[in-house]
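Have a look at the structure below before the remarks.
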Amino acid sequence: AKAEGKGNFQFYAGAMSDALLHKLGIEQALRHAVKADEFLLHYQPRVDTRSGELRSMEALVRWQHPERGLVPPLEFISVAEDTGLIVELGALVLEKACSQLAEWRRMGLPLKPVSVNVSPRQFNSDNLVSTLTGALARHAIPADLVELEITESCMMSDTEKVSASLAKLKAIGVRISVDDFGTGYSSLSQLQQLDVDVLKVDRSFTRNLADGEQSQAFFMTIVSMAHILDMQVVAEGVETVEQLEILQDLSCNEVQGYLISKPVPANEAEQFLRKKLLF
Ligand code: C2E
Ligand code: CA
Ligand code: CA
Ligand code: CA
């Protein structure tokens with residue numbers, strides 16, 4: 001009977017695709033990693049387009065795997081999202097961001113807001129509000145030092161439900177941004193109804209800026225629309241001086257990208273807080 005069982009297992013294992021085995025492997029390792037707290041945050045500055053002044057920093061999670069080293073989020077966030085582990089992982093990220101702010105405060109550094117990415121599953125979970133208020137309270141961090149980045153596609157699912165969730169978060173006092181704007185399918189009326197503070201324009205639009213007038217006019221239209229709706233605009237993925245100069249002409253409020261800095265560990269991000277002017 002034992003041999004038969006083993007044979008069955010091999011049969012099923014053989015029938016599983018490499019992709020599925022890979023995903024199951026990641027899931028198991030992730031489960032362990034959440035318990036063992038193998039995650040850390042890197043920070044990428046967001047600066048004023050004209051003055052180069054530091055405005056805030058985005059926290060981006062990395063997995064410090066004991067054998068594989070630093071694993072980028074693209075390799076595990078979607079598995080975490082599919083398995084629901086993202087709710088726990090997201091709570092860890094919020095906790096770490098608040099605890100880092102508290103550490104910088106203890107060091108006497110002038111603080112700037114930290115933005116944290118919130119996945120769709122996390123946004124729709126009932127715990128987000130209590131997780132957030134818990135993390136803020138534990139580290140005595142004022143809510144306006146935290147911004148939540150919610151992807152455009154996630155915000156567009158069910159406008160009424162989304163508005164209600166946003167209202168609860170805004171009542172806490174955190175800022176809200178629409179992440180990867182331009183890659184989802186939001187309508188103008190949906191956007192008008194949402195009480196958000198910041199529009200982060202996806203880096204595909206930044207990449208096209210140097211192509212010509214049409215791309216620039218298009219970007220300018222997004223900026224005008226956002227300003228009419230009382231939102232600040234951030235260009236993601238700014239890599240060249242040429243892009244920066246175009247964005248200055250287009251009155252885009254803030255820029256983020258490799259031109260200013262890649263995401264860096266907390267001890268390096270500390271320098272941004274000290275320097276204040278990043279270009
Ligand atoms: P995102 O939220 O759009 O974050 C920006 C990503 O673009 C980051 O990749 C950043 O390193 C990269 N980036 C920044 N500037 C440039 C640039 O000038 N050029 C190029 N080519 N890339 C640039 P990263 O850190 O690998 O994160 C990838 C994605 O993983 C994020 O995209 C976000 O969707 C997700 N993610 C990261 N951290 C978290 C988290 O804590 N929770 C959740 N739910 N998702 C996260
Ligand atoms: Ca983001
Ligand atoms: Ca983005
Ligand atoms: Ca507003």
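No experiment lies behind these values; they were computed from the predicted model shown. One-based numbering, in listed order, for ligands and for the atoms of each. Below, each value reflects all heavy atoms present in this structure, side chains not excepted, and no hydrogens, waters or symmetry copies.
Looking at L60 against ligand 1, both its backbone and its side chain come within 4.0 Å, counting heavy atoms.
For ligand 1, the atoms lying closer than 4.0 Å to a non-hydrogen atom of D180 are 3 (O). Those atoms of ligand 1 that come under 4.0 Å of a heavy atom in E236, given as number and element, are 3 (O). Close approach of ligand 1 to V93 is summarised as follows: ligand atoms under 4.0 Å from at least one heavy atom of the residue are 41 (O). In summary, the atoms of ligand 1 found under 4.0 Å from a heavy atom of V238, numbered by their order in the structure, are 18 (O). The I77 neighbourhood of ligand 1 comprises atoms 43 (C), 45 (N), 46 (C), with distances under 4.0 Å to a heavy atom of that residue.
Among R203, E81, E58, the residue whose heavy atom lies closest to atom 6 (C) of ligand 1 is R203. Nearest to atom 44 (N) of ligand 1 by heavy atom, out of A97, S78, S119, S261, is S119. Distances from atom 15 (N) of ligand 1 to the heavy atoms of E75, E149, Q44, H42 put Q44 nearest.
For atom 9 (O) of ligand 1, no protein non-hydrogen atom is found at a distance below 4.0 Å. Contact annotation for atom 25 (O) of ligand 1: protein present (non-hydrogen atoms, distance under 4.0 Å). Protein non-hydrogen atoms do not reach within 4.0 Å of atom 32 (O) of ligand 1.
For Q216 and D211, the side-chain atoms include no donor-acceptor pair closer than 3.5 Å. S51 and D48 form a side-chain donor-acceptor contact under 3.5 Å, judged by distance and modelled atom types alone. When only modelled atom types and interatomic distance are considered, E152 and S186 share a side-chain donor-acceptor pair under 3.5 Å.
The side-chain heavy atoms of P263 and Y43, taken from C-beta on, include no pair separated by under 4.5 Å. Using a 4.5 Å heavy-atom threshold, the side chains of W104 and E270 count as touching. Put simply, the side chain of L54 does not reach to within 4.5 Å of the side chain of K276, judged on heavy atoms.
Of the residues E58, E149, E147, the one that meets the side chain to side chain donor-acceptor pair (under 3.5 Å) test with S115 is E149. Partner of R46 under the side chain to side chain donor-acceptor pair (under 3.5 Å) criterion, chosen from E236, Q232, E254: E254. Between K96 and the choices L41, L40, V61, the side chain to side chain contact (heavy atoms under 4.5 Å, CB included) rule is met once, by L41.
In this structure, atom 42 (N) of ligand 1 lies nearest to the protein heavy atom N117 O, 3.5 Å. Nearest protein heavy-atom neighbour of atom 21 (N) of ligand 1: E239 OE2, 3.2 Å. Atom 16 (C) of ligand 1 has Y258 CE2, 3.2 Å as its closest protein atom, hydrogens excluded (heavy atom only). Looking only at protein heavy atoms, the nearest one to atom 39 (C) of ligand 1 is V61 CG1, 3.6 Å. In this structure, the protein non-hydrogen atom closest to atom 28 (C) of ligand 1 is P73 CG, 3.8 Å. The nearest heavy-atom contact from the protein to atom 29 (C) of ligand 1 is L74 CD2, 4.1 Å.
Of the charged side-chain nitrogens involved, at least one lies within less than 4.0 Å of a carboxylate oxygen, so that K23 and D82 count as a salt-bridged pair. Salt bridge R68/E75: present, at least one basic N to carboxylate O contact under 4.0 Å. Between R175 and D197, none of the side-chain N atoms (NZ, or NE/NH1/NH2) sits under 4.0 Å from a carboxylate O, so this pair counts as no salt bridge. A salt bridge does not link E239 with R207: every distance from a Lys NZ or Arg NE/NH1/NH2 to an Asp or Glu carboxylate oxygen is 4.0 Å or more.
At least one heavy atom of G237 lies less than 4.0 angstrom from ligand 1. At least one heavy atom of P263 sits less than 4.0 Å from an atom of ligand 1.
For Q122, no nitrogen or oxygen atom sits less than 3.5 Å from a nitrogen or oxygen atom of ligand 1, counting backbone and side chain alike. For ligand 1, none of its N or O atoms has an N or O atom of Q256 under 3.5 Å away.
The Ca ion (ligand 3) lies closest to atom OD1 when only the N/O/S atoms of D180 are considered. Looking at D179, its N, O or S atom nearest to the Ca ion (ligand 2) turns out to be OD2. Considering just the N/O/S atoms of E58, the one nearest the Ca ion (ligand 2) carries the name OE2.
Both the sub-6.0 Å distance and the 45° axial angle are not jointly satisfied by K275 relative to the ring of F272.
Because the distance cut-off is set at 3.0 Å, S177 fails to qualify as a neighbour of the Ca ion (ligand 2), as none of its N, O or S atoms comes that close. Among the backbone and side-chain atoms of E149, none of the N, O or S atoms lies under 3.0 Å from the Ca ion (ligand 3). Here E236 fails the criterion, with no N, O or S atom under 3.0 Å of the Ca ion (ligand 2).
Closest heavy-atom contact between L128 and F123: CD2-CA, 4.0 Å.
A tilted orientation is assigned to the rings of F39 and F76, their planes being inclined by 30° to 60°.
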